[in-house]
Protein chains: 2
Amino acid sequence: MTQGQSRPENTRGLLFLTDEQLRKGIEAMFFAYRGFTADPDRILAEKSYGRAHHRALHFIHRSPGTTVNNLLATLGVTKQSLNRVLRTLIEDGLVLNEVGIRDKRQRHLTLTDAGADLESALSNAQSDRMRSAYRQAGADAVYGFCTVLEAMMDPELKEHYEHLTGGEQQ
Amino acid sequence: MTQGQSRPENTRGLLFLTDEQLRKGIEAMFFAYRGFTADPDRILAEKSYGRAHHRALHFIHRSPGTTVNNLLATLGVTKQSLNRVLRTLIEDGLVLNEVGIRDKRQRHLTLTDAGADLESALSNAQSDRMRSAYRQAGADAVYGFCTVLEAMMDPELKEHYEHLTGGEQQ
DNA sequence: TTAATACGTCAGTGTTGTTGACATTCCAAG
DNA sequence: CTTGGAATGTCAACAACACTGACGTATTAA
């Protein structure tokens, strides 16, 4: 905090928000997201992968055995777009693609050891910055951070976010 | 908050953070950023512009008369990439490009009335969601939100962020 | 048997980013 | 006044990642 955001005041139960405060939040999101992706991007560039590969690895790690359709809905891209990424990951031996048992149309996606290694390298790079930011900001700030982010999500996306924590998937 | 993030505990002055908490923050950033850009993206799609046009309009609005080099540093892209975007904005009469007086090599960028109109439409769409999220989350959460985001920025980017608030630009 | 689902793929297109090379204009230092 | 370098603009080529539309193939379910 060098200059810091002035704390919005709560008058008569309704939060008073100036344009300045809102604009500052918008710019904070822009600049912070750049920092958020910077570290994994450097690792990915070495291996000539992109952010899309990172996202796929992350969510496959998070929900091992997930199906293509599940991943599609979580990532919010078209199957053609995801397929391009998945194909290279499978060819390179980072992701396993297994035909479903109950439903043979489905393909279950899992990380191989190599895939888990890369995912973990990317995840660590990102987590390091996140941890440092959390520690700088303090416990209460972290709680507020997540609360605002959750309130900012599209309701449909928020469901995916919450499902991940529940740990379903099949 | 349906499930919510468990509040990290502050033991012996050092914030204790589980992998789960960090991962949740990472996913929150991912899903929230999608919501963050969704509304302006819809407006931009109608006019066959992209996010890059939005960013350019935003920062020109924020610092009227800024130079191309200033904008370049703030946006963190190459001049070729920015030039493509600026050219269409100038051709379409949304941005004014004036040769500098003190230094005639520089081009000073300003929004035209039409440019200001579009910028304001985009900004309002984004601010509406931000305001709603802020109100849902409450004043303390907003303060924490900005604090963590600022701690997440690259130091060099953070300077740009802070300069904007100071309101410099010659 | 038929319709719908899950997946993959081919082809084309658009936005946004990147390098590298090169020209122009202009300021400032020698 | 010449020259080096900074600021700007432009051309070409390329890559990542998104999109649409169309088609094919299993497989499941009605």
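The structure displayed is predicted, hence computed values, not measured ones. Just so we're on the same page: letters track the sequence lines, and every chain starts at 1.
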Rounded distance in Å - NZ (A:Lys104) to C1' (D:dA29): 15 Å

Tell me, for nucleotides 9-19 of chain D in 5' to 3' order, what letter each nucleotide earns: B for a base near a protein heavy atom under 4.0 Å, S for only sugar-phosphate near one, - for neither? BBB----SBBB

Side chain to side chain, A:Thr66 and A:Phe59, heavy atoms closer than 4.5 Å: no

Whole angstrom value for the distance that separates P of C:dT16 from CZ of A:Arg34: 15 Å

Between atom CG in A:Leu82 and atom C1' in C:dA6, what is the gap in whole Å? 13 Å

Before accepting this row, confirm whether a basic side-chain N of the pair A:Arg129/B:Asp154 lies closer than 4.0 Å to the acidic partner's carboxylate O. yes

Side-chain donor-acceptor pair under 3.5 Å between A:His58 and B:Glu27, yes or no? yes

pair A:Met152-B:Gln136: side-chain heavy atoms closer than 4.5 Å: no

By nearest heavy atom, map A:Ile101 and B:Leu72 onto DNA chain D; which one lands nearer the 5' end? B:Leu72

Does OP1 or OP2 of C:dT5 have a side-chain N or O of A:Asn69 closer than 4.0 Å? no

Take atom CZ of B:Arg102 and atom P of D:dA6, then tell me their distance rounded to the nearest Å. 17 Å

Please tell me whether A:Tyr49 and A:Asp92 have a donor and an acceptor in their side chains that are separated by less than 3.5 angstrom. yes

Would you please classify the geometry between the B:Phe36 ring and the B:Tyr33 ring as parallel, tilted or perpendicular, with 30° and 60° separating the classes? tilted

Given atom CG of A:Asp103 and atom P of C:dC7, what is their separation to the nearest angstrom? 8 Å

